[in-house]
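Bear in mind that the values here come from a model prediction, so they are computed numbers and not experimental data. Both backbone and side-chain heavy atoms feed into the values below; hydrogens, waters and symmetry mates do not.
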Amino acid sequence: MKWSLRRLGALSCLAPIWAAACGSPSVVGGPPPPAPVSPGEPALASDQGATAAEADAFIEQTNTELKELWTHSARAAWVKANFITHDTELLEARENEKLLEYSARRIKEAQRFAGLEGLRPDTARMLYLLKYSSGMPAPTDAAKRRRLAELGTQLESLYGKGRACSPKLKGHGDDKSAECLTLGELSKLLTKSRDYDVLLEAWNQWHAISLPMRPMYTEMVGLANEGARELGFRDVSDIWKGGYDMTTDEFHREMDRLWTEVKPLYDRLHCFARARLRKKYGKDRIPERAPIPAHLLGNMWAQEWTGLYKEMEPFPGKGEADITKLLVAKKYDPIKMVKLAEGFFTSLGMDPLPQTFWERSLFTKPKDREVVCHASAWDVTSSGDLRIKMCIEVNHEDLVTIHHELGHNYYFHYYNNLPVLFQAGANDGFHEGIGDTLALSVTPGYLAKIGLLAKAPSDDKAELNVLMQRALEGIAFLPFGKLIDEWRWDVFSGKTAPSRYNASWWQLRRKYQGVAAPVERGEDHFDPGAKYHIPGNVPYTRYFIARILQYQFQRALCRTAGHTGPLHTCSIYGNTEAGAKMIAMLKLGASKPWPEALHAMTGERRMDATAIIDYYEPLITWLDQQNKAEQCGWE
Ligand code: X8Z
Ligand code: ZN
């Protein structure tokens, strides 16, 4: 299964959530929650005559049948994503339709076991996981279900085929005579160019790809909500928020707590970045106390700002924080980058990737056909057919993404002997956070060890440069990670009507990220659709959670590895004790509530933002000095 597809019915980077996978089924787990969990919880009518033995048999059969359906749908999704055509779209949609039908039917059937006493704990947990497994629940009506499946496929394809076309972009792509640029080419342009108008054109034209998605997305929301109601939920958002071993109210409070804890970090980085951009673009374009124009942060969605490293470098030229430069200088190619990342996992005592991984993965963008380039990890058979699909470029960002994707693959690998309902992360944030944790160990010390750097610089200035490089990714991302699903939850619940889709999007982007659209964006646009996970229907809070957990994981693993000194200097490379702790957690899959899985690896049971705060402490102190003359914040 593709990771984002594993939530039945959502497109994923593990596989769509109607196949939701960016790494695995977003079937996440928790103990059977006390009923009623929240106002969104379905009122379950249990069957007086049902027995625990019947529940065991039901779950066993579901695991067998789901595995088969997931495999079929993952194969079709793989072929479609590697070769987007009218026919492959149809084939994928048909397989998903079957999966949607099965999933909704089994969730309904399982309601007869609700509240049943004497269930085996594993059975009770799998019933819980099943209940929240459908990220895109389909209505019973066959025509509506078919339409929902088609919409899922077509939305993802529209994104995959998207191009930004304009005479003003000529000369900025790989082919200098082309006027239409792929997202990969645009991404390079956004990191390299500092020409306000060229950047604006790239941003504008990419955001034009999503306009045809607007009516389709609206229709998809309506149909999926209908499916959710048939299952007894208020709307799809209650399902998305339901798989975290806590009530939806508790979940909201947890996410808000974590955000409140990390927001001061983001505010400082925002303040500093805005001041540096003001130097570059002038006061008129970057006024004080104003949000930053969204096209100037080196990334199409302003979600990570590593493209701005040169402007943000605290001590120019100190150390070698620019990993892209190192990779290019050492003549790395995509396969060599994947081997490097695999080498990190094996250094921890993990198994090498299977030969079929190398034979079946997509590593580079084919020239002759349309593919979905957004990176994803797969286990097509849920029993070891591991792959990644990525259009790798030789740069730092893609090296981090490769670690990210292999994190999914290693999770798949270590839990693939479990029944498929347990084949998921402890929660979906765990699945997203594994590779990211390892990427934190790609320190100058590690780079020196493997020969990418001649020697690790050891002075404070070089260290601050490295921390800035990290922060432009890890801290800049946090508000974006939080806001995407806030937008979607309100869309699903009807709080945001279709007539306010874009307005609500920009309100949230302003509130959380402190960025603003560079030009007026009315409801004649559909800007959310220009981000993969919206047409792909991949839930996003998982990345917010992962970006906090990865530091908590790292702190614990570094403790196990006996690291002394500041957290940001720790690399667990080569430490098999730390590796064993990680493997112990991976092997649990979703079989236990996430606090138990967290405990297995870290000895802690609560998500904790203090690790990320510790990690960046020296940078925060430095940013405070830099920001002294600035008026931070935005109106
Ligand atoms: O979608 C992804 C992965 C696949 S699960 C490439 N990520 C998010 C994004 O690109 O927006 C990883 C970081 C956040
Ligand atoms: Zn992922």
Side-chain angles (χ1 to χ4, degrees), residues 1-27 70-71 73-84 88-89 92 95-96 135-136 152-153 155-162 182-184 187 334 337-338 341 353 356-358 360-366 369-382 385-393 397-413 423-425 428 431-436 531-540 542-543 546:
M1 197 61 185
K2 176 188 175 189
W3 164 231
S4 55
L5 284 178
R6 290 221 177 168
R7 198 155 205 193
L8 310 174
L11 287 171
S12 94
C13 340
L14 299 200
I17 194 173
W18 57 302
C22 256
S24 98
S26 58
V27 180
W70 273 359
T71 302
S73 94
R75 267 194 217 296
W78 175 265
V79 173
K80 192 297 289 269
N82 279 270
F83 183 43
I84 307 176
T88 58
E89 282 181 1
E92 182 196 45
E95 290 305 329
N96 278 323
M136 189 152 95
T153 291
L155 279 164
E156 200 209 24
S157 296
L158 271 177
Y159 186 93
K161 291 187 282 193
T182 62
L183 181 59
S187 301
M337 286 164 72
V338 181
L353 291 163
T356 50
F357 170 88
W358 301 101
R360 296 176 191 165
S361 290
L362 179 85
F363 298 112
T364 51
K365 184 168 170 25
R369 59 185 206 261
E370 296 286 358
V371 301
V372 178
C373 270
H374 190 85
S376 54
W378 306 59
D379 177 356
V380 173
T381 55
S382 300
D385 189 347
L386 303 178
R387 309 173 189 186
I388 59 169
K389 181 181 59 57
M390 243 185 111
C391 303
I392 300 175
E393 299 276 344
E397 197 183 327
D398 280 7
L399 185 66
V400 171
T401 304
I402 293 167
H403 283 81
H404 177 96
E405 297 308 331
L406 292 196
H408 289 309
N409 283 140
Y410 275 97
Y411 224 144
F412 294 149
H413 173 69
Q423 289 197 30
D428 53 5
H431 225 296
E432 298 301 340
I434 298 301
D436 296 358
K531 172 70 195 165
Y532 170 77
H533 301 68
I534 302 294
N537 203 36
V538 181
Y540 212 81
R542 50 179 67 179
Y543 303 108

Task: Step-by-step side-chain contact (heavy atoms from CB on, under 4.5 Å) determination, Tyr540 to Lys531 - done: CA-CA 11 Å; Tyr540 212 81; Lys531 172 70 195 165; 3.7 Å; yes

Open item on the list: Pair Met390, Asp398 - check side-chain contact (heavy atoms from CB on, under 4.5 Å), show working.
Closed with: CA-CA 9 Å; Met390 243 185 111; Asp398 280 7; 4.1 Å; yes

Task: Separation between CG of Leu362 and SG of Cys391, rounded to the nearest 0.5 Å - done: 6.0 Å

Task: Nearest non-hydrogen partners of Val371 and Pro366, listed with the distance - done: CG1-CG, 3.6 Å

Open item on the list: Testing the basics here: between Glu95 and Ser73, what is the closest heavy-atom pair and its distance to 0.1 Å?
Closed with: CB-CA, 3.7 Å

Task: Residues Glu92 and Thr153: side-chain donor-acceptor under 3.5 angstrom - done: yes

- [ ] Starting at CD1 of Ile392, measure out to CD of Glu405 and round the result to the nearest 0.5 Å.
- [x] 9.5 Å

- [ ] Run the numbers on Lys161 and Ile84 for side-chain contact (heavy atoms from CB on, under 4.5 Å), then give the verdict.
- [x] CA-CA 8 Å; Lys161 291 187 282 193; Ile84 307 176; 4.2 Å; yes

Task: Donor on one side chain, acceptor on other, Trp378 and Ser376, under 3.5 Å - done: yes

Task: Main-chain N/O of Thr381 paired to Asp385 side chain as donor or acceptor, under 3.5 Å - done: no

Task: Lys389 side chain to Ala81 backbone, donor-acceptor under 3.5 Å - done: no

Task: Pairwise side-chain contact, Phe357 with Val338, heavy-atom cut-off 4.5 Å (strictly under) - done: yes

TODO: Determine the minimum heavy-atom distance between Gly425 and His431, stating which atoms define it.
DONE: N-CD2, 3.3 Å

Task: Tyr543-His533 aromatic ring centre distance below 6.0 Å - done: yes

Task: Short side-chain donor-acceptor distance under 3.5 Å, Glu156 and Tyr532 - done: yes

TODO: Of all the heavy-atom pairs spanning Trp78 and Arg360, show the shortest one and how long it is.
DONE: CZ2-O, 3.0 Å

TODO: Mind checking the NE2-CG spacing from His404 to Asp436? Nearest 0.5 Å is all I need.
DONE: 5.5 Å

Open item on the list: Give me the atom names and distance for the closest heavy-atom approach of Thr88 to Lys80.
Closed with: O-CG, 3.6 Å

- [ ] Heavy atoms only: give me the nearest Pro535-Tyr159 pair and the separation to one decimal.
- [x] CG-CD1, 3.7 Å

Task: Ser361 (side chain) donor-acceptor with Arg387 (main chain) under 3.5 angstrom - done: no

Open item on the list: For a 4.5 angstrom cut-off between non-hydrogen side-chain atoms, does Leu353 reach Tyr410?
Closed with: yes

- [ ] Indicate yes or no: at least one non-hydrogen side-chain atom of Asn409 is less than 4.5 angstrom from one of Ile388.
- [x] yes

TODO: May I ask you to check whether Glu432 and His408 show a side-chain donor-acceptor distance below 3.5 Å?
DONE: yes

- [ ] Find the distance between CD1 (Ile402) and CD (Glu397) and round it off to the nearest 0.5 Å.
- [x] 11.0 Å

Task: Phe83, CZ atom: more than 12 neighbouring heavy atoms under 6.0 Å - done: no

